[in-house]
Each structure stands twice: as C-alpha cells, then as structure tokens.
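Worksheet: one structure, shown below.
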There are 2 protein chains.
Amino acid sequence: MIIGKKLRELREQKGLLLRQVAASLEVDTAYISKMERGEKNIKREFILKLAELYQTDKNQLITIWLADQVYDILKDETLAESALNIVKEHIQKRK
Amino acid sequence: MIIGKKLRELREQKGLLLRQVAASLEVDTAYISKMERGEKNIKREFILKLAELYQTDKNQLITIWLADQVYDILKDETLAESALNIVKEHIQKRK
DNA sequence: TTTTTACTTGTCACATTCAGTCAAATGTAA
DNA sequence: TTACATTTGACTGAATGTGACAAGTAAAAA
C-alpha cells in the first residue's frame, strides 16, 4: 500500500540507488526493489535502519508501516470500518 | 482478544459442548478449545460455520474477527492510534 | 548501433510458521 | 471412585516466508 511508496520517495529524495541501499542493509538489490513495490514484507528492523539511512523520523515510518499491515487485512473487507471502530475502542481503553 | 471470548459466550448460550462444536466443524475438540482461548488463529471459513451453528449474525462475527486480527498487530504498539487513523483515511478514500 | 546502468522478475533452497491431531493432564461434579 | 468436559504440550506435514541468484527489461549514454 503506502510504506513501499514512501520508502521509494525517501530513497529518491536522497538520490540513492537500490544497490546502495541494499549494500547498507546488507541484502540483495532485488530484495529492496521488492520491498518498495510491496512484493515482500518488510521487517521492523529494516524500517528502523532505513529511517536512519534516509534521516527521517523513525516513528512516522513505523506508523506507516503498521498502517500498511492493518490495511492488508482490511483492504477487501466491506466491514473494515466497523472493525476499525472496535479496535479503536479497545486501543483507547488500553491506556 | 475478543473473538474467542465471543465464540465461547455463544457456545455456552446454546448449551453446546466443545465436542459437539468440534464434530460440527469436523476438527479436533482441542482445536476448538484453542480457538476460544485465542491460542490459534481462526479461519474465516470457521467463523462462518460457527455463525450458522450458533444462529448469529455472520457480519457481526466477521467484524469482530477482523478487529481481532487488527488488534493483534497493534496491541503492543505505542503508535497504534496514529496507524489506525491512517488506515481509516485510506479505507474511506477507497469507497 | 552497442554498451552501460538501474531496476524488475522468476525461480530456487532453506528456514520458519502454522494447522490440526493425539495423548496425557487437569478440573469438576456425581 | 467414576465419568465427563476442558486444557495442555508435543508433534508432523503443509504452507508460507526469506533472501539470493541469474536472467530479463528499459532507457539513457557512448
């Protein structure tokens, strides 16, 4: 959904190549490509490293990353909104 | 979180034993026990069958089931609320 | 045109996770 | 005790995920 797009934006803003990011995370170039295009899940660990590399706010990136995972569950669901409301209540009660 | 609790409530309201529900879904009794206590994920298919068995609203049950999955992702996250907001926007835009 | 550079795609080996079962353990009520 | 309901732990085969590698586009550069 959005985390991949965001990561690509950030990378391009910094003028980095996939190859360079891959080297920095010590993974294959293809792997980064797949992350950015949403073909592979991204581990929290990678998000944090990328936030550093791109000098961007970790929390903002993690938030988008979380939203992405939630969206994956709900994207084709008619009942998504009611589900979100239930979750919201529980989350707020939690505090 | 809640789907298991809900299922147990429904079963008890109907006065059914784990064994009977298990027979109806054609799985092991232990498996139903684990579902109700949140030790195992529940497949959509099972939720639908259980809604029938318990003569309850399918949509309501599916909604809780979805909420449960979302909550699993967010339960330990400080950033849960902001993530939810992002998802909400995207879901609403989708329509 | 050929070459080069960035990126994408398919396939594969390996690892990890998960579904669901079984048997044993625990609880509980008669 | 006996009998029945539920829980627990250990287990296996299947499904899924990770990440690499090599080959394939695509577009600009030479």
Side-chain angles (χ1 to χ4, degrees), chain A residues 1-54 61-62 64-77, chain B residues 1-54 61-62 64-77:
Chain A
M1 166 218 198
I2 36 173
I3 183 65
K5 221 180 100 197
K6 180 73 182 176
L7 291 175
R8 175 144 299 185
E9 272 173 35
L10 286 168
R11 179 170 63 83
E12 287 173 348
Q13 272 171 32
K14 291 282 165 189
L16 293 171
L17 301 175
L18 286 181
R19 161 163 51 83
Q20 298 173 304
V21 175
S24 175
L25 300 205
E26 294 177 290
V27 295
D28 194 84
T29 301
Y31 199 51
I32 306 288
S33 165
K34 287 175 185 172
M35 282 186 194
E36 289 187 355
R37 286 171 312 97
E39 206 180 303
K40 294 279 176 179
N41 297 342
I42 309 180
K43 296 197 284 198
R44 189 187 210 92
E45 175 203 342
F46 285 154
I47 294 291
L48 296 173
K49 283 188 186 172
L50 288 171
E52 276 204 12
L53 184 59
Y54 299 150
L61 220 49
I62 290 283
I64 298 177
W65 172 74
L66 287 170
D68 204 17
Q69 294 175 67
V70 171
Y71 186 73
D72 256 5
I73 294 178
L74 298 179
K75 59 174 175 293
D76 300 322
E77 299 290 345
Chain B
M1 156 227 204
I2 37 171
I3 184 65
K5 223 180 102 198
K6 181 73 183 175
L7 290 175
R8 174 145 297 185
E9 272 172 35
L10 287 168
R11 178 170 64 82
E12 286 172 348
Q13 271 170 33
K14 291 280 164 187
L16 292 171
L17 300 176
L18 286 180
R19 163 166 53 82
Q20 300 173 301
V21 175
S24 175
L25 298 206
E26 295 176 287
V27 295
D28 195 88
T29 301
Y31 197 52
I32 305 290
S33 166
K34 286 173 186 175
M35 282 186 194
E36 290 187 354
R37 286 170 312 95
E39 206 179 301
K40 294 280 178 179
N41 296 343
I42 311 182
K43 296 197 284 196
R44 184 184 215 96
E45 174 203 343
F46 287 154
I47 294 290
L48 295 174
K49 284 188 185 173
L50 289 170
E52 275 204 13
L53 184 60
Y54 300 149
L61 220 50
I62 291 282
I64 299 176
W65 171 74
L66 287 170
D68 204 17
Q69 293 175 67
V70 171
Y71 187 72
D72 256 8
I73 294 178
L74 298 180
K75 57 175 178 294
D76 300 322
E77 299 289 345

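No hydrogens, no waters, no symmetry mates; every other heavy atom, side chains included, goes into these values. Keep in mind that what you see is a predicted model, and the values were worked out from it rather than measured. Every chain is numbered from 1, with letters handed out A, B, ... down the list of sequences.
Heavy-atom distances under 4.0 Å link DNA chain D to B:Arg8, B:Arg11 of residues 4-15 of chain B, given in residue order. Using a 4.0 Å cutoff on non-hydrogen atoms, the parts of residues 27-39 of chain B near DNA chain C are B:Val27, B:Asp28, B:Ala30, B:Tyr31, B:Lys34, ordered by number.
Heavy-atom contacts of chain B under 4.0 Å fall on DNA chain C between two terminal nucleotides, which in 5' to 3' order are C:dA19 to C:dC22. Protein chain B touches strand DNA chain D; the 5'-most and 3'-most nucleotides with an atom under 4.0 angstrom of its non-hydrogen atoms are D:dA5 to D:dA10.
In this structure, the helix from C:dT1-D:dA30 to C:dA30-D:dT1 shows an angle of 20° between the axis at its start and the axis at its end, each fitted on 5 base pairs and rounded to 10°.
Within 4.0 Å of B:Lys40, counting heavy atoms only, lies at least one base atom of the nucleic acid.
With sequence neighbours excluded, no residue satisfies side-chain hydrogen bond (donor to acceptor under 3.5 Å, both in side chains) with A:Lys5.
The CD1 atom of B:Ile73 sits 5.0 Å away from atom CD of A:Gln69, with the distance rounded to the nearest 0.5 Å. Once rounded to the nearest 0.5 Å, the distance linking OH of A:Tyr54 with CG of A:Leu7 reads 6.0 Å.
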Would you check, one step at a time, whether the test side chain to side chain contact (heavy atoms under 4.5 Å, CB included) holds for A:Ile3 with A:Leu66? CA-CA 9 Å; A:Ile3 183 65; A:Leu66 287 170; over 6 Å; no

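In this structure, the side chain of B:Lys75 engages the main chain of B:Asp72 through a donor-acceptor pair within 3.5 Å.
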For residues 8-28 of chain B, dump all side-chain donor-acceptor pairs below 3.5 Å to protein atoms at least two apart in sequence or in another chain.
from	atom 1	to	atom 2	distance (Å)
B:Arg8	NE	B:Glu36	OE1	2.5
B:Arg8	NH2	B:Glu36	OE1	2.7
B:Arg11	NE	B:Glu36	OE1	3.4
B:Arg11	NE	B:Glu36	OE2	2.7
B:Arg11	NH1	B:Leu16	O	3.0
B:Arg11	NH2	B:Glu36	OE1	2.9
B:Gln20	OE1	B:Leu17	N	2.7
B:Asp28	OD2	B:Ala30	N	2.9

Below 3.5 Å, can you tabulate the donor-acceptor pairs from side chains in residues 41-52 of chain A to any protein atom, sequence neighbours excluded?
from	atom 1	to	atom 2	distance (Å)
A:Arg44	NH1	B:Glu77	OE2	3.0
A:Arg44	NH2	B:Glu77	OE1	2.8
A:Arg44	NH2	B:Glu77	OE2	3.3

